[in-house]
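A short worksheet on the structure shown next.
All of these numbers come straight from a predicted model, not from anything done at the bench.
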Amino acid sequence: MIISKTSIEPFVKWAGGKRQLVERLAARMPSSYNRYFEPFVGGGALLFHIHPENATISDTNGELIHVYETICFQLEELMNRLTEIDDNQCEPYKDYYYSMRDKYNQKISNETFDVEMAALFIYINKHCFNGLYRVNRKGLFNVPFNNTSRPSYSRENLIAISEYLQEVTILNDDFQKACECAEAGDFVFFDSPYAPLNPTSFESYTKEGFSIEEHERLAKLFAELSKKNCYCMLTNHNTELIRDLYGAFVIEEVDVKRFINSDASNRVGKEVIIRNYK
């Protein structure tokens with residue numbers, strides 16, 4: 001079920017986000033379903049493209065989910081703080097960025113989940129390299145500056161997002177718990193953390209990481225939801241691991257551009273869209 005509303009764009013750029021695939025993903029969704037679940041919401045490209053009714057979203061990144069909740073419940077205060085941060089930008093912009101990053105990391109260290117933290121998160125995302133969210137072993141954000149001084153947000157877009165999120169259940173939970181109440185006829189979209197192209201390397205945007213065991217646990221959940229007659233769709237890299245885990249389902253290869261890879265020769269690749277329905 002999809003609500004007809006003004007077009008909404010994600011408020012952050014997110015590594016592994018599905019903006020370039022969103023039309024193809026929407027076209028492959030079931031023609032009708034009951035509730036919508038997205039346990040790895042990230043930047044919410046598909047969510048904001050279709051803005052479905054009865055949606056539940058989740059992510060293990062607590063700082064990201066805090067921003068979703070702040071947009072939902074404290075929008076005016078958030079926009080005022082974002083405007084202040086943007087208006088105070090001055091040359092050298094690099095120094096300003098790192099001062100804001102330091103302030104954000106101080107809030108992480110102190111576990112200060114306030115409106116300013118949410119505003120700093122959005123500012124940093126717009127001004128860091130390729131919209132990466134990467135933390136060190138201490139859980140502190142460490143992505144460098146992207147050499148821009150553009151505005152951090154669109155007022156009209158944030159208002160549209162806030163209005164839509166009033167109808168959405170927002171969780172900061174493990175993917176399995178986030179969709180534990182999914183039933184027959186519900187749709188679950190897994191924009192899961194990428195399996196590495198190099199099978200000896202496992203990294204993630206959270207300090208906890210997403211291991212081979214987690215991929216196996218996710219595949220088991222996909223199969224369990226399928227037995228409950230939920231509609232399930234999942235995206236990931238086209239790797240042997242993913243093909244082995246989901247070999248019982250419909251696997252479709254798609255071409256994608258990889259904007260984050262520093263080697264231009266590796267910026268075009270294959271991903272897969274996996275479904276338990278045709």
Is the [X] ring parallel, tilted or perpendicular to the [Y] ring (thresholds 30°, 60°)?
{"X": "Y123", "Y": "Y97", "value": "tilted"}
{"X": "Y133", "Y": "F141", "value": "tilted"}
{"X": "F190", "Y": "F222", "value": "tilted"}

Worksheet entry | K270 side chain near H237 side chain, heavy-atom distance below 4.5 Å | no
Discussion item. Taking the side chain as everything from C-beta on, heavy atoms only, tell me whether L234 gets closer than 4.5 Å to L218.
Written reply: yes
Any salt bridge linking [X] with [Y]? Criterion: basic side-chain nitrogen under 4.0 Å from a carboxylate oxygen.
{"X": "R24", "Y": "E252", "answer": "no"}
{"X": "K228", "Y": "E183", "answer": "no"}
{"X": "E53", "Y": "R35", "answer": "no"}
{"X": "R243", "Y": "E240", "answer": "no"}
{"X": "E214", "Y": "R217", "answer": "yes"}
{"X": "R28", "Y": "E23", "answer": "no"}

Worksheet entry | Trace of the ring pair (Phe, Tyr, Trp, His ring centres under 6.0 Å) decision for F189 with Y36 | CA-CA 8 Å; F189 172 53; Y36 176 98; 7.3 Å; no
Using distance alone, with no hydrogens and no angle criterion, decide if [X] and [Y] have a side-chain donor and acceptor under 3.5 Å apart.
{"X": "Y104", "Y": "Q106", "result": "no"}
{"X": "T83", "Y": "Y153", "result": "yes"}
{"X": "S192", "Y": "N236", "result": "yes"}
{"X": "N146", "Y": "T148", "result": "yes"}

Worksheet, complete the sentence: So SG of C72 and CD of Q166: to nearest 0.5 Å the spacing works out to 4.0 Å
Item to complete: Could you tell me whether a side-chain N or O of D86 sits under 3.5 Å from a main-chain N or O of P151, the two making a donor and an acceptor?
Response: no
Worksheet item: Does any N or O in the side chain of R134 come within less than 3.5 Å of the main-chain N or O of N142, such that one atom is a donor and the other an acceptor?
Response: yes
Item to complete: Evaluate the ring pair (Phe, Tyr, Trp, His ring centres under 6.0 Å) criterion for residues Y231 and Y277: first the C-alpha distance (whole Å), next the side-chain angles of each, then the deciding distance (0.1 Å), finally the verdict.
Response: CA-CA 7 Å; Y231 298 107; Y277 57 93; 5.6 Å; yes
